[in-house]
Participant: 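One structure, pasted below without further comment.
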Amino acid sequence: MHKLTLKELSAQLQSRKISAAELATRFLDRIEASDLNAFLHVDRELTLAQARAADARLAGNDAGPLTGIPIAHKDIFVTRGWRTTAGSKMLENYVSPFDATVVEQFNAAGTVTLGKLNCDEFAMGSGNENSHYGPVRNPWDKTAVPGGSSGGSAAAVAARLAPAATATDTGGSIRQPASLCGVTGIKPTYGSVSRFGMIAFASSLDQGGPIAKTAEDCGLLLNAMTGFDERDSTSLQRPKEDFNRSLGDSLQGLRIGVPKEFFGAGLASDVEQAVRAALAEFEKLGATLVDISLPKTELSIPVYYVIAPAEASSNLSRFDGVRYGHRAADYKDLADMYKKSRAEGFGDEVKRRILVGSYVLSHGYYDAYYLQAQKIRRLIAQDFQNALEGPNRQCDVIMGPVSPTVAWDLGDKTDDPVANYLADIFTLSTSLAGLPGMSIPCGFGQGEKNAKRPVGLQIIGNYFDEARLLNVAHQFQQATDWHLREPA
Ligand code: GLN
């Protein structure tokens with residue numbers, strides 16, 4: 001049962017072959033037996049109450065495709081009744097009085113919440129080692145990181161502890177853990193998924209999305225989680241669409257842009273080989289490969305690591321020990337209370353970002369760093385538009401690696417923040433441009449250590465081209481079985 005896709009599970013639920021309560025129980029048992037540290041909060045009673053409500057809907061005439069489907073939420077989406085920590089000590093005992101829009105949407109669709117998933121503190125990280133509640137282990141190799149910041153989401157789906165999970169991506173946090181755990185994830189066009197109730201990291205970049213086993217399942221989840229929300233000032237007003245409407249289209253004539261900057265010196269040879277083999281598979285499916293250039297790719301690291309901390313330093317000012325969150329026990333006066341509460345509540349990486357962000361926004365440095373970064377951000381977006389847009393466009397989609405290496409060992413990069421930042425080289429530019437991007441499993445590393453560590457293929461498209469991306473991924477998943485491989 002835990003091996004089935006959402007589509008298959010949905011059929012079983014609709015035909016009453018299995019009840020939502022039975023299904024939820026199976027997954028709760030698997031979660032209880034697991035040692036990955038993927039879940040931060042599990043509450044059988046809450047889950048089973050929701051499952052019974054779903055069963056009532058399934059018995060009546062009120063069920064949709066996701067009714068009764070178990071799902072787990074990244075602990076960055078606030079949830080009524082469940083604690084929401086964002087992986088931080090700051091929010092250790094925080095229970096939100098309302099649900100995030102995404103959670104509301106899934107509840108309305110009748111999904112059953114299995115629990116809240118571990119993540120890097122305030123979604124800052126690439127290995128899920130920045131969680132106050134300890135790292136998540138990669139189910140393929142428990143000595144390796146699962147990727148971050150949505151490491152709990154990717155590990156839970158890979159280990160079949162949940163058939164699907166929500167996640168968020170600010171600079172790669174859906175695609176990179178999906179890649180390192182061998183599952184499928186998509187970050188849609190910025191503005192598609194409401195940020196209301198998604199604890200803010202960098203608001204101009206943060207975007208929610210799903211992680212699941214297949215592209216088709218991701219489409220089903222996107223159908224539920226997208227849509228205009230007046231409570232999010234950057235929410236897009238667009239007609240509802242069926243993200244799976246293009247599944248089945250032929251890839252004959254599809255032009256795949258292969259950016260030379262994604263295959264440079266920093267790319268591990270085993271990752272390159274798996275990605276090139278996937279590209280060859282697409283050629284067999286009728287696509288043609290086109291060499292393209294995204295010349296500003298390299299600049300995405302300094303640009304992102306100015307803009308994201310700048311926005312984070314502003315967003316995280318709300319954690320002051322007064323309104324909510326951790327408050328120091330002893331303090332002299334108000335300023336001392338702020339200082340001690342924040343010093344105790346935030347972890348090292350979060351403090352580092354607040355310091356960098358405050359610095360680049362301060363008088364005298366704003367023009368030199370922040371404004372400059374914004375200008376280059378526009379040029380990075382322009383690189384993509386030159387390839388994907390207009391009468392001279394070169395390709396329909398862009399493909400390359402997600403991560404320059406397979407998952408690294410736990411502890412390997414914890415002393416070196418810059419090493420972590422460099423691992424984001426292939427995901428940041430898409431986020432800065434606001435474009436949709438996905439990761440699908442396409443192979444494994446090589447050598448004794450890496451042979452069991454998955455490789456992900458990144459597929460990037462133009463704004464609002466999610467339906468095409470999902471079909472491109474779907475056709476690959478019809479022709480190959482990487483997405484069905486499971487950790488031992
Ligand atoms: N690894 C990047 C960072 O640390 C991206 C994180 C994310 O997408 N949330 O900021």
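Remember, it's 1-based here, ligands and their atoms both numbered in the order they're listed.
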Participant: Could you state the interatomic distance from OH (Tyr369) to OG (Ser362), rounded to the nearest 0.5 Å?
Facilitator: 9.5 Å
Participant: Hey, is the main chain of Ile174 close enough, under 3.5 Å, to the side chain of Asp169 for a donor-acceptor pair?
Facilitator: yes
Participant: Any non-hydrogen atom of Arg353 lying under 4.0 Å from ligand 1?
Facilitator: yes
Participant: Just heavy atoms, cut-off under 4.0 Å: does Thr170 contact ligand 1 by side chain, backbone, both, or neither?
Facilitator: both
Participant: Tell me whether Ala308 reaches ligand 1 (any heavy atom closer than 4.0 angstrom to a ligand atom).
Facilitator: no
Participant: Select the closest option to atom 8 (O) of ligand 1 among Gly148, Ala167, Gly171, Ala312, judged by heavy-atom distance.
Facilitator: Gly171
Participant: Can you list the ligand 1 atoms lying under 4.0 Å from a non-hydrogen atom of Ser149?
Facilitator: 9 (N)
Participant: Is a side-chain donor or acceptor of Arg195 paired with a backbone partner of Asp232 at a separation under 3.5 angstrom?
Facilitator: no
Participant: Distance to 0.1 Å, residue and atom name: give those for the protein heavy atom nearest to atom 2 (C) of ligand 1.
Facilitator: Asp424 OD2, 3.1 Å
Participant: What about Phe384 and Tyr463, are their ring centers closer than 6.0 Å?
Facilitator: no
Participant: Working to the nearest 0.5 angstrom, can you tell me the gap between Ser131 OG and Phe122 CZ?
Facilitator: 11.0 Å
Participant: Could you identify the single nearest non-hydrogen protein atom to atom 5 (C) of ligand 1 and state the distance to 0.1 Å?
Facilitator: Tyr304 OH, 3.3 Å
Participant: If I apply the N/O under 3.5 Å rule, does Gly172 come out as touching ligand 1?
Facilitator: yes
Participant: Is ligand 1 under 4.0 Å from a heavy atom in the side chain of Ser173, in the backbone, in both, or in neither?
Facilitator: both
Participant: Report the residue from Asp75, Asp43, Thr85 that forms a side chain to side chain donor-acceptor pair (under 3.5 Å) with Lys116.
Facilitator: Asp75
Participant: At under 4.0 Å between heavy atoms, which part of Tyr421 makes contact with ligand 1: side chain, backbone, both or neither?
Facilitator: neither
Participant: Does the side chain of Glu311 come under 3.5 Å of the side chain of Ser204 through a donor N or O and an acceptor N or O?
Facilitator: yes
Participant: So which heavy atom on Leu221 is nearest to which on Ile211, and how close?
Facilitator: CD1-O, 4.4 Å
Participant: Looking at Ala123, which atoms of ligand 1 are within less than 4.0 Å of one of its heavy atoms?
Facilitator: 6 (C), 7 (C), 9 (N)
Participant: Just checking Phe77 against Phe106, ring centres under 6.0 Å apart?
Facilitator: no
Participant: I'd like to check whether Gly125 has a polar contact with ligand 1, where a contact means an N/O of the residue lying under 3.5 Å from an N/O of the ligand.
Facilitator: yes
Participant: Name the closest protein heavy atom to atom 3 (C) of ligand 1, giving the residue it belongs to and the distance to 0.1 Å.
Facilitator: Tyr305 OH, 3.2 Å
